[in-house]
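If you're wondering where the values come from, they're calculated on a predicted model, not measured in any experiment.
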Amino acid sequence: MAYDKFTVLTSSAVPMPIENVDTDQIIPARFLKATERKGFGDNLFRDWRYNGDDTPKQDFVLNNPIYTGKILVAGKNFGSGSSREHAAWAIYDYGFRCVVSSFFADIFKNNSLNIGILPVTVSPAFLDRIFTAIEADPNAQLEVNLPGQKITILATGESESFDINSYKKHNLTNGFDDIDYLQAMKDEIQTFAAKSMY
Amino acid sequence: MTSPVAFLGLENRGLKVMFPEKTFATADHNTPTINQHLPVQDPLSANQLKALETNSAKYGISHWGLGNPKNGIVHVVGPENGITLPGMTIVCGDSHTSTHGAFGAIAFGIGTSEVEMVLSSQCIMQPKPKKMRLNVNGKLGKGVTPKDVVLYIISQLTAAGATGYFTEFAGDVFRNMSMEGRMTVCNMSIEMGARGGIIAPDETTFAYIKGREKAPQGEAWDKALAYWKTLQTDEGAVFDQEHTYNAADIEPMITYGTNPGMGMGITQHIPMAAAAGGSKASYDKSLEYMGFHEEEAMLGKKVDYVFIGSCTNGRIEDFRAFASIVKGRKKADHITAWIVPGSHIVEQQIKDEGILDILTNAGFQLRQPGCSACLAMNDDKIPAGKYAVSTSNRNFEGRQGPGARTLLASPLVAAAAAVTGVVTDPRELLAD
Ligand code: SF4
């Protein structure tokens, strides 16, 4: 899928200090029936965000207008559970471009990178500092610098560097995906396939 | 379920499926489990099922849709028809693809963009995972099944304990386990965070595969077999992590919380937050959702629903186990039970082996194959606040329906709950 290039993102952030946020919470299975990729943002965190009668739950962070921005900051082990890419689509469609946590589930991380969301893994201590900064000022700005692989809390100047696979980084900064890359290798793939027993 | 968007992606780029003969499709997630001969009621589900059919036809992929005698849950029908073989790399847009690792295949779930990638190139780019070996040695006690073994391991490692790893299951417990049991174990490797689980193929594996429809025959079989026998971990191989457990420490398991790592021996008490690890706030939230308290016993708790099925425990052995307890007993009056085979082939076996009669005599009804209450995408939903003992693989909030409370367990524990109406130690109901 074509997505916007990611270089440096400066934004306030939405804090969600909950651990083990699984993909069924991010997007419940009953919303997976679409045959297109659009519109999932409305159902992001559906059951945490809305009551049974579709009225917003006042105590849920996405319903609190003081928190806005393109960055979601979440507790440890974010995105565990199913392989549904819809979880990443919902996050993207809602307007987030970056998720920060101290630990991500593998499939979620891959899915995010494939569709143009940057998952940033920070140390538990730095994660706490981000939560503290947002608590002090809901409008606290974070700068996520992908080329420099650095995340900074602008109010305090505290920063930490993060890891990312260099190939994925190249794709994200250019808005490419893996399919573009693999299409260029068709001959090699055919040669290999001819030798395979399956 | 995730494929329509992947096909749409191909179309938008003007690409084809590179190797349609290496690609299979089956309908499972949103199929109904009653009246499958009628048109699917839910328009969105019907639309997705139709899309799979149309796309498969368009790109030349064999498709086992609703009503096809080979239809069933992808992780049940793949092995059952000899599609799953040792040494293969198998991917599917479903995280429980790890199931196929039971055959010594590298198998893992992928997202839609990756499905599109595989369809268009038969390749997938992955960061190299770390390696973990999990050994369980000794002999399992009475009433302790493969599901208990894997729930036990997850309770020890936590739901994120193997994130970033591929895990190998080794030791006598797995050597002595049937293929059905190995599939149950590898199925749940994703529930400890692992990308996949793998078990070295052996005589049990080869005997299971031999003669299945898509399995190699004649000379091709001999050649394949010679290769498969080489698929063993080298002596002295180094793992990034290794854990060893004792079979005698494992009892029938049940979960009490909202992730599969929150499991315990059925006779135990719910641990205190401090002993369970993780943050106290997350732990409290989880118990509150479940309506449980620290240090409570699970035995004797009232159950409303029982679900046996899914790609974890929807194979013939699971129904045999369920029937071994139900036989000669009656379903508890207040229990609603959903008994859902993983495939039509399993459904047929249930009938042929006389298990259906046992179920019917005990007051149970057999449904038609599909994922069913495992993820509640069809009509099989557990109502809010109700307790379900489920043989599936996830007890997340709302997984089996908004507000539903899931207790993951083995088919034996499910059967014991179905006949007594409460959480019951199955060992009390098993003949010696
Ligand atoms: S049975 Fe459940 S876990 Fe298995 S494939 Fe179906 S929905 Fe997924």
Nearest-0.5 Å distance, [atom1] of residue [X] to [atom2] of residue [Y]:
{"X": "Leu44(B)", "Y": "Leu32(A)", "atom1": "CG", "atom2": "CG", "answer": "11.0 Å"}
{"X": "Tyr167(A)", "Y": "Met125(B)", "atom1": "OH", "atom2": "CE", "answer": "3.0 Å"}
{"X": "Lys285(B)", "Y": "Ile18(A)", "atom1": "NZ", "atom2": "CD1", "answer": "5.5 Å"}
{"X": "Leu85(B)", "Y": "Met197(A)", "atom1": "CG", "atom2": "CE", "answer": "7.5 Å"}
{"X": "Leu375(B)", "Y": "Arg84(A)", "atom1": "CG", "atom2": "CZ", "answer": "6.5 Å"}
{"X": "Glu85(A)", "Y": "Glu116(B)", "atom1": "CD", "atom2": "CD", "answer": "8.5 Å"}

Would you say that [X] contacts [Y] through its side chain, given a criterion of any heavy-atom pair below 4.5 Å between the two side chains?
{"X": "Asn110(A)", "Y": "Gln126(B)", "result": "yes"}
{"X": "Asp180(A)", "Y": "Arg13(B)", "result": "yes"}
{"X": "Ile115(A)", "Y": "Ser113(B)", "result": "yes"}
{"X": "Ser95(B)", "Y": "Ile107(A)", "result": "yes"}
{"X": "Pro402(B)", "Y": "Arg30(A)", "result": "yes"}
{"X": "Gln183(A)", "Y": "Ser120(B)", "result": "yes"}
{"X": "Ile179(A)", "Y": "Leu15(B)", "result": "yes"}
{"X": "Trp89(A)", "Y": "Val5(B)", "result": "yes"}

Side chain, backbone, both or neither of [X] within contact of chain B (heavy atoms, under 4.5 Å):
{"X": "Phe108(A)", "value": "neither"}
{"X": "Phe31(A)", "value": "neither"}
{"X": "Asn111(A)", "value": "side chain"}
{"X": "Phe192(A)", "value": "neither"}

For this session: With a 4.5 Å cut-off on heavy-atom pairs, point out which of Asp22(A), Asn20(A), Asp178(A), Asn77(A) contacts chain B the most.
Result: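 Highest number of pairs under 4.5 Å: Asp22(A).
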Problem set entry | Between Lys76(A), Met185(A), Gln190(A), the one whose heavy-atom pairs under 4.5 Å with chain B are most numerous |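 Result: the option with the highest number of such pairs is Gln190(A).
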At a heavy-atom separation under 4.5 Å, does [X] approach chain A through its side chain, its backbone, both, or neither?
{"X": "Ala224(B)", "answer": "both"}
{"X": "Tyr283(B)", "answer": "neither"}
{"X": "Phe108(B)", "answer": "neither"}
{"X": "Asn12(B)", "answer": "neither"}
{"X": "Ala51(B)", "answer": "side chain"}

Under 3.5 Å, side chain of [X] to main-chain N/O of [Y], donor-acceptor pair present?
{"X": "Arg399(B)", "Y": "Asp24(A)", "value": "no"}
{"X": "Glu397(B)", "Y": "Gln25(A)", "value": "no"}
{"X": "Gln122(B)", "Y": "Ile189(A)", "value": "no"}

Residue [X] excluded, over 12 heavy atoms near [atom1] under 6.0 Å:
{"X": "Lys5(A)", "atom1": "NZ", "value": "no"}
{"X": "Lys16(B)", "atom1": "NZ", "value": "no"}
{"X": "Asn51(A)", "atom1": "CG", "value": "yes"}
{"X": "Lys22(B)", "atom1": "NZ", "value": "yes"}
{"X": "Glu188(A)", "atom1": "CD", "value": "yes"}
{"X": "Glu21(B)", "atom1": "CD", "value": "yes"}
{"X": "Lys169(A)", "atom1": "NZ", "value": "yes"}
{"X": "Lys50(B)", "atom1": "NZ", "value": "no"}

What option among [options] has the most heavy-atom pairs under 4.5 Å with chain A?
{"options": "Ser279(B), Ala281(B), Gly109(B)", "answer": "Ser279(B)"}
{"options": "Gly87(B), Gly9(B), Cys92(B)", "answer": "Gly87(B)"}
{"options": "Ala159(B), Ala194(B), Ala384(B), Ala160(B)", "answer": "Ala160(B)"}
{"options": "Gly164(B), Gly193(B), Gly398(B), Ser286(B)", "answer": "Gly164(B)"}

